[in-house]
Undergrad: 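Below is a structure I'd like to ask you about.
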There are 2 protein chains.
Amino acid sequence: MKTEKISELTINRLSIYLRCLNELSEAGVQTVSSKLLAEQFNLNSAQIRKDLAYFGEFGVRGVGYVVEDLREQLRGILGLATTHRVAIVGAGNLGLALANYLGFQQDSFQIVALFDVDPARIGLEVRPGLVVRSLDLLPSVIPERQVDMVMLTVPAVAAESVLEMVVQAGVRAVLNFAPIHLSVRPGCKVKTVDLSISLESLSYFLANPTVEPQEE
Amino acid sequence: MKTEKISELTINRLSIYLRCLNELSEAGVQTVSSKLLAEQFNLNSAQIRKDLAYFGEFGVRGVGYVVEDLREQLRGILGLATTHRVAIVGAGNLGLALANYLGFQQDSFQIVALFDVDPARIGLEVRPGLVVRSLDLLPSVIPERQVDMVMLTVPAVAAESVLEMVVQAGVRAVLNFAPIHLSVRPGCKVKTVDLSISLESLSYFLANPTVEPQEE
DNA sequence: AATTGTGAATTCCTTCACAGCC
DNA sequence: GGCTGTGAAGGAATTCACAATT
């Protein structure tokens, strides 16, 4: 285990490797080589070995990696061994879609609270046990329900002030869907999913057909 | 205008600059310096100047950039002067949320078709003029409605085969929400928005609190 | 005086290539 | 023989620093 700082790019790839290991495990595969993993997502095998080597020596020379072992290691490294308790702020189309998205419920992320400012939405029971509550209740509900992560699906103009509330309530990880650059706050990690940027990047590609399409 | 290949990172930043210029324009600001722009999203001012310099000399030394001019230039470069016609494949929670998301409708992206395989969803009128249609109709509807972009909101297992259909129908730009690595197809650009990766990266941060939070 | 545009320097990330091990 | 782990090389992106321009 090195003490070097580990880049976000490496962490993102660990998620990708883990997903693949889950499939291999499902399929009953015992071991896998970095070469085989690399071919799945056209990456370089040395990159995979380097990524993993930041965290330990998980492989067996001449053999590869034991699927079950590496899978458990990655789940541990990524903090997925424990379930995260997630709140969604903003019960519009996107917020509700995320609340109902099955991909999260089953796994390591559980939606445990849902907030909005619109009185028309407050009280709506999205599914059994998950009711839209007033944003005013956020400061008390977040510690009460032990929320450790928030998804922000509020309009861009509201995002900065809601982030402030959320950080004050002790949350240290936020996934922001508002198309805006949020100011950096010590101790709180914010990741932004910006659909406009993605769409505009596709638009650029369409407008400039000389450029060959490439991996993002 | 250089002939160098321009990185995806540069293109993404152009979108960010454009959004800021739209706000400045709205506020009636005449000119802006790279330094001021940089401070908005803690970037380096040289980076902004370099990004812009790939496409031309838009600035005035000693003055900065004329907001309206640069705004129009960026809209042109990003292919936003013309409206894109977008189809959504997969009318589940996420697909419907995107179909109703106002952020797109007003701007350069117009949702003009919506597909699903589930008979229970086919025929649903999401809003006036936008009805969920059978996936079987995709090959004919896409050219008919002049769709040039697709958002894929189908389950991961279906994504690869739907992508094949979409590419066959002549679409060259796809925004994929399925948590899977899609194979690269010549002439078609695919961008993936992978929420699991984002969430797991936040989870890593929570599990490793020694690391300082940083810009994504 | 202020700010752009850009070569040079730096930092960061990826790939190569091979010693070491099973 | 096959595959990992890693130092060294190579490549890409960012930042510095300054000449050029208004």
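Remember, it's a predicted structure, so these values are computed and weren't measured experimentally. Note on naming: letters A, B, ... go to the chains in the order of the sequence lines (proteins, then strands), and numbering restarts at 1 for each one.
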Undergrad: Of the options A:Leu195, A:Leu152, A:Leu94, A:Val154, which is the one that meets A:Phe177 in a side chain to side chain contact (heavy atoms under 4.5 Å, CB included)?
TA: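 Among A:Leu195, A:Leu152, A:Leu94, A:Val154, the one meeting side chain to side chain contact (heavy atoms under 4.5 Å, CB included) with A:Phe177 is A:Leu94.
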
Undergrad: Between A:Arg49 and A:Ser45, is any side-chain donor less than 3.5 angstrom from a side-chain acceptor?
TA: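 Present: a donor and an acceptor within the cut-off.
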
Undergrad: Test your reading of the model: is there a side-chain donor-acceptor pair from A:Thr31 to the backbone of A:Tyr65, 3.5 Å cut-off?
TA: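 Checking the backbone N and O of A:Tyr65 against the side chain of A:Thr31, no donor-acceptor pair under 3.5 Å is found.
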
Undergrad: Would the distance check show the side chain of B:Thr153 and the main-chain N or O of B:Gly90 forming a donor-acceptor pair, the cut-off being under 3.5 Å?
TA: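 At least one qualifying donor-acceptor pair exists.
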
Undergrad: Using atom names, set out every protein N or O paired with an N or O of nucleotides 1-3 of chain D below 3.5 Å, distance rounded to 0.1 Å.
TA:
residue: D:dG2; atom: N2; partner: A:Gly62; partner atom: N; Å: 3.2
residue: D:dC3; atom: O4'; partner: A:Gly62; partner atom: N; Å: 3.3
residue: D:dC3; atom: O2; partner: A:Gly62; partner atom: N; Å: 3.2

Undergrad: Can you find a donor-acceptor pair, distance only, under 3.5 Å between A:Lys50 side chain and D:dT6 base?
TA: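 For A:Lys50, whose side chain was compared with the base of D:dT6, there is no donor-acceptor pair (under 3.5 Å).
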
Undergrad: I need the CZ-C1' distance between B:Arg13 and D:dT15, as an integer number of Å.
TA: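 That distance rounds to 12 Å.
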
Undergrad: Strictly distance-based, threshold 3.5 Å: is any side-chain N or O of A:Asp148 a donor or acceptor partner for the main-chain N or O of A:Arg85?
TA: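 Flag set: sc A:Asp148 to bb A:Arg85 pair under 3.5 Å.
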
Undergrad: Between B:Phe41 (CZ) and D:dT14 (P), how many Å, whole number?
TA: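 Nearest whole value for this atom pair: 15 Å.
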
Undergrad: Take the protein atom NZ of B:Lys5 and the nucleotide atom C1' of D:dA13, then report the distance between them rounded to whole Å.
TA: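 Result: 11 Å.
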
Undergrad: Nearest whole Å is fine: how far is D:dT14 C1' from B:Leu52 CG?
TA: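 Distance check: B:Leu52 CG to D:dT14 C1' gives 15 Å.
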
Undergrad: What is the distance, rounded to the nearest whole Å, between atom CG of A:Leu43 and atom C1' of C:dC16?
TA: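 So the CG-C1' distance, A:Leu43 to C:dC16, works out to 16 Å.
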
Undergrad: Provide, to the nearest angstrom, the distance between the CG atom belonging to B:Leu37 and the C1' atom belonging to C:dG5.
TA: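 Nearest whole value for this atom pair: 16 Å.
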
Undergrad: Rounded to the Å, how far apart are B:Tyr54 OH and C:dT6 P?
TA: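 Taking atom P of C:dT6 as the reference, OH of B:Tyr54 is at 11 Å.
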
Undergrad: Take atom CD of B:Gln47 and atom P of C:dT10, then tell me their distance rounded to the nearest Å.
TA: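 Those two atoms, CD and P, are 18 Å apart.
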
Undergrad: Remember a base hit wins even if backbone is also touched, and classify A:Leu9 as base, sugar-phosphate or nothing at under 4.0 Å, heavy atoms.
TA: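 The answer is sugar-phosphate, as A:Leu9 gets under 4.0 Å only of primed atoms, P, OP1 or OP2.
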
Undergrad: Under the 3.5 angstrom rule, does the side chain of A:His84 hit a backbone N or O of A:Gly79 as a donor-acceptor pair?
TA: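 Yes, the answer is positive, given that a donor and an acceptor are paired below the 3.5 Å cut-off.
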
